[in-house]
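The structure presented is a predicted model; accordingly, all values stated were derived computationally and were not measured. Letters A, B, ... mirror the listed sequences (proteins, then strands); counts begin at 1. The figures here come from the full heavy-atom set of this structure, side chains too, leaving out hydrogens, waters and symmetry mates.
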There are 2 protein chains.
Amino acid sequence: MARKTLDAVQLALASIDGFASAQEIHARLRETGHSLGLTTVYRCLRSMTGDHRVDFVRRDDGEGAYRFCGTSHHHHLVCRSCGDTVEVQAEAVESWAQTVGEASNFRDLHHTVELTGICASCSGR
Amino acid sequence: MARKTLDAVQLALASIDGFASAQEIHARLRETGHSLGLTTVYRCLRSMTGDHRVDFVRRDDGEGAYRFCGTSHHHHLVCRSCGDTVEVQAEAVESWAQTVGEASNFRDLHHTVELTGICASCSGR
DNA sequence: AACAATTATGAAAATGGTTTTCATTCCTGT
DNA sequence: ACAGGAATGAAAACCATTTTCATAATTGTT
Ligand SMILES: [Zn+2]
Ligand SMILES: [Zn+2]
Ligand SMILES: [Zn+2]
Ligand SMILES: [Zn+2]
């Protein structure tokens with residue numbers, strides 16, 4: 001893989017807040033002038049996750065999502081009615097996840113935390 | 001959906017140790033004489049996960065896996081290598097989720113928490 | 001420069017799990 | 001028995017991802 005190509009993908013990924021699917025990254029690349037094939041985007045992402053340069057998770061629908069590792073780790077509180085999103089701190093969860101995983105002798109721990117609810121304006125008052 | 005069908009799927013699921021994919025459950029059903037279509041198996045599983053009667057997780061390759069489960073609220077620590085699963089208690093997370101949601105004036109809070117890692121036997125030591 | 005060998009790329013096809021469609025079968029109540 | 005509704009499943013559609021393979025770009029050698 002050409003470094004030039006890897007850099008383009010990394011830049012696109014870094015320009016997106018949070019996780020993005022391969023196809024979303026591909027779309028962003030085309031928006032910014034780069035014309036890379038979807039196949040190449042997949043190839044780069046696989047290489048980058050292998051090097052732990054990007055995080056990989058599965059969304060609920062099974063689609064894979066990628067995130068540049070430099071991005072600060074946080075979680076979201078999403079309104080099920082209007083989709084409004086708030087970023088939340090999760091100190092308590094971070095330490096809990098680590099502690100619980102180690103207690104079971106698991107290594108290389110990751111976690112997915114998704115909070116949902118009905119926001120103030122959607123709940124009427 | 002007919003109760004008879006739901007029961008057959010639940011029985012098949014209960015006869016399998018740990019998680020099983022829809023197709024594995026379908027195969028088990030055929031082995032035990034029941035001739036249910038794959039479509040119906042998917043329908044039953046969707047209904048059961050909606051009722052929280054079975055747990056649903058995504059395997060590393062994106063395939064969904066199901067397991068018959070009690071009704072108590074809990075979370076999972078899943079090995080990304082062999083799929084082995086440990087149920088974990090999450091007192092700290094339950095209260096955190098509630099507190100964080102209320103702090104943002106959200107109501108009717110839900111949460112999804114998945115822990116993954118590499119289990120002791122898979123990590124080689 | 002010229003040329004061969006190696007690598008990178010991407011369009012199209014293949015893959016595979018899951019969902020939709022829709023015609024048919026099964027139930028239920030009258 | 002009969003009509004109306006629910007349940008079923010084979011086949012087709014879907015869609016993210018992977019594989020193929022022919023072409024383009026790069027690198028190295030003479
Ligand atoms: Zn976290
Ligand atoms: Zn469970
Ligand atoms: Zn394991
Ligand atoms: Zn919980």
- Linked hydrophobic residues, A:I118 as query - side chain contacts closer than 4.5 Å: none

- Which other residues end up in the same hydrophobic cluster as A:V57, if Ile, Leu, Val, Met, Phe, Trp and Tyr are linked when side-chain heavy atoms come under 4.5 Å apart? A:F19

Specify the separation, in whole Å, of atom [atom1] of [X] and atom [atom2] of [N].
{"X": "A:D61", "N": "C:dT18", "atom1": "CG", "atom2": "P", "result": "12 Å"}
{"X": "A:L38", "N": "D:dT17", "atom1": "CG", "atom2": "C1'", "result": "8 Å"}
{"X": "A:R3", "N": "C:dT9", "atom1": "CZ", "atom2": "P", "result": "13 Å"}
{"X": "B:L6", "N": "D:dA7", "atom1": "CG", "atom2": "P", "result": "9 Å"}
{"X": "A:F56", "N": "D:dT17", "atom1": "CZ", "atom2": "C1'", "result": "10 Å"}
{"X": "A:M1", "N": "C:dG10", "atom1": "CE", "atom2": "C1'", "result": "13 Å"}
{"X": "A:H34", "N": "C:dG10", "atom1": "NE2", "atom2": "C1'", "result": "17 Å"}

- Mind checking whether B:H111 and B:H75 have parallel, tilted or perpendicular rings, split at 30° and 60°? tilted

- Can you list the residues that meet the salt bridge (Lys or Arg N to Asp or Glu O under 4.0 Å) rule with A:D60, with sequence neighbours excluded? none

- Message: Tell me if a side-chain donor or acceptor on A:H26 pairs with a main-chain N or O of A:L36 at a distance below 3.5 Å.
- Response: yes

- Message: Quick check against the 3.5 Å criterion: does A:T49 have a side-chain atom that pairs as donor or acceptor with the backbone of A:L45?
- Response: yes

- Task: Find out whether B:L109 and A:L115 are in side-chain contact, i.e. whether some heavy atom of one side chain is under 4.5 Å from a heavy atom of the other.
- Result: no

- Query: Honestly curious: do B:I16 and B:Y66 fall in one hydrophobic cluster under the side-chain, below-4.5 Å linking rule?
  - Reply: yes

Taking 4.0 Å as the cut-off, does a side-chain nitrogen or oxygen of [X] come that near to OP1 or OP2 on [N]?
{"X": "A:T40", "N": "C:dG10", "result": "yes"}
{"X": "A:R46", "N": "D:dT18", "result": "yes"}
{"X": "A:S21", "N": "D:dA16", "result": "no"}

Anything under 3.5 Å between a protein N or O and an N or O of nucleotides 13-17 of chain C, put it in a table, one pair a line.
residue, atom, partner, partner atom, Å
C:dG17, O5', B:Q23, NE2, 3.3

- What pairs meet the salt bridge (charged side-chain N to carboxylate O under 4.0 Å, His left out) rule with one or both residues in residues 3-16 of chain A, with sequence neighbours excluded? none

Hey, what are the protein-to-nucleotides 21-30 of chain C N/O distances that come in under 3.5 Å?
none

